[in-house]
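Proteins come first, then strands; the chains are lettered A, B, ... in the order of their sequence lines, and each starts at number 1. Please read all numbers here as calculations on a predicted model, not as lab measurements.
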2 protein chains.
Amino acid sequence: MVSVTENTEQKIIDAACKVFIQKGMDGARMQEIADEADINKALLHYYFRSKSKLFDRVFVEIFSDIVKLLGEEINHSTEIIELIERMVNNYIHLIRERPFVPDFVLHELNRHPQLIVQQIHQYGMDFSKFQLLIDEGVLNNKIHYIQPVHLIVNVLSMCIFPFVAKPIIMGFMLNGDEAKYNQFIDERAGHVVSFIKSSLLINNPE
Amino acid sequence: MVSVTENTEQKIIDAACKVFIQKGMDGARMQEIADEADINKALLHYYFRSKSKLFDRVFVEIFSDIVKLLGEEINHSTEIIELIERMVNNYIHLIRERPFVPDFVLHELNRHPQLIVQQIHQYGMDFSKFQLLIDEGVLNNKIHYIQPVHLIVNVLSMCIFPFVAKPIIMGFMLNGDEAKYNQFIDERAGHVVSFIKSSLLINNPE
DNA sequence: GTCTATAACCGGATAGAC
DNA sequence: GTCTATCCGGTTATAGAC
């Protein structure tokens, strides 16, 4: 998603990513994408037949980036707490660089459920590893049992929601102070990890 | 938001709520709102000068409903765990009836930050109560200390995110099985409460 | 207040020259 | 491949009768 001297197709995709993420499918304008890519509007239709097709292409690009990351975390971890720490740190770090992506993805997925179909089959997502690591932790008397789906949702919730709800958090809880919000985000990964560990670990050391 | 025989203005607002929540500001069509309200399109402009003004009115209506609830929970609670239980149960119950509201509110707030300004001053939101109840719990040796803002965000995250991320949860973790998703939501309030208690309480009883 | 008809505009898509 | 010019459908908004 970051290149300098690139062919036209890539320039269009980069521009479209930017505009679609900021404005959403309905709010985005082909003219704005063309301007952003520094080309003519007609050229968009030459490369991608329609706005809808361009959107689909872009969405896959963006979504697969996120999903891939989650998959890697799962594969590279051998212990449930380690997996959680990796997920939390990497997700918060990733989103921080692209703060509007979560709202974009969630919003468009809700309004175009068909978008997810292809993705599911493309990235099979093996959550049995989660079950495995949880069972192992329980067996070794390290953690309380927790259903995998609830654990995953807890982790994703606490990492992603703070970005999607930035206006609410900043506006209602932090007196509209952006510096305070940034500090809150700075602390977030550490807090989430220790919050989850405190809940899961049997001999709560912290 | 629920009435039967009502005046035209209210009929329009109800219809607009429904359409805006489903389609968002950009995706909504004045024609569809008129159809939904069973009136003529021109009448929309007679009551509210423009789509934008109608949207603003509707957004305030929807958002204030949610904020009010949070405010009531805070005032009616005398103990931090009680407050959390009330918040979790009420929020999940509330959203269940209106599953598209969270995505709508978050999405529009992110794209129109000015929307929040009026709301902030309208509902001053007193979070000092949170600080108070946490301090009290810590003093009585009941809970570990936690920053109010992180606690509130944790609670809201784990309640709201499961609805916003329904397509992801269902598609990737529950084999696209809606029955499983409903069961997951059924369990959710209980799980979240016990997950938070397990993290906060000093003598972990469960 | 409520309607029909229409103006005014915008934005996606295409034609056709280069 | 890239451009300019243009078409055409859809959408907001208004005019004006009742």
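- The stretch residues 152-164 of chain B participates, sequence neighbours left out, in no salt bridge (Lys or Arg N to Asp or Glu O under 4.0 Å) pair at all.
- No side-chain donor-acceptor contact under 3.5 Å links A:K41 to the backbone of A:A34.
- The stretch residues 41-48 of chain B touches DNA chain C through B:A42, B:L43, B:Y46, B:Y47, each having a heavy atom under 4.0 angstrom from the strand.
- Side chain of B:R188 to backbone of B:M158: a donor-acceptor contact under 3.5 angstrom is found.
- B:F161 CZ to B:L156 CG: the interatomic distance, rounded to the nearest 0.5 Å, is 14.0 Å.
- Nucleotides of DNA chain C lying under 4.0 Å from heavy atoms of chain B occupy a range whose first and last members, 5' to 3', are C:dG1 to C:dT4.
- A heavy atom lying under 4.0 Å from DNA chain C marks the following residues of residues 26-39 of chain A, by number: A:A28, A:R29, A:M30.
- The minimum heavy-atom distance between A:V164 and A:P102, with the atom names listed, is CG2-CB, 3.9 Å.
- The salt bridge (Lys or Arg N to Asp or Glu O under 4.0 Å) analysis of residues 164-178 of chain A, with sequence neighbours excluded, yields the pairs A:K166-A:E178.
- In this structure, the side chain of A:S199 does not engage the main chain of B:I196 through any donor-acceptor pair within 3.5 Å.
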Exercise. Apply the test ring pair (Phe, Tyr, Trp, His ring centres under 6.0 Å) to residues A:F63 and A:F59: give CA-CA distance (whole Å), side-chain angles for both, the deciding distance (0.1 Å), then the verdict.
Key: CA-CA 6 Å; A:F63 191 66; A:F59 186 86; 5.7 Å; yes
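- Evaluation of the salt bridge (Lys or Arg N to Asp or Glu O under 4.0 Å) test over residues 106-118 of chain B, restricted to residues two or more places apart or in two chains, returns A:D103-B:R111.
- Contact detail for B:I21 and B:F104: the closest heavy-atom pair is CA-CD1, 3.8 Å.
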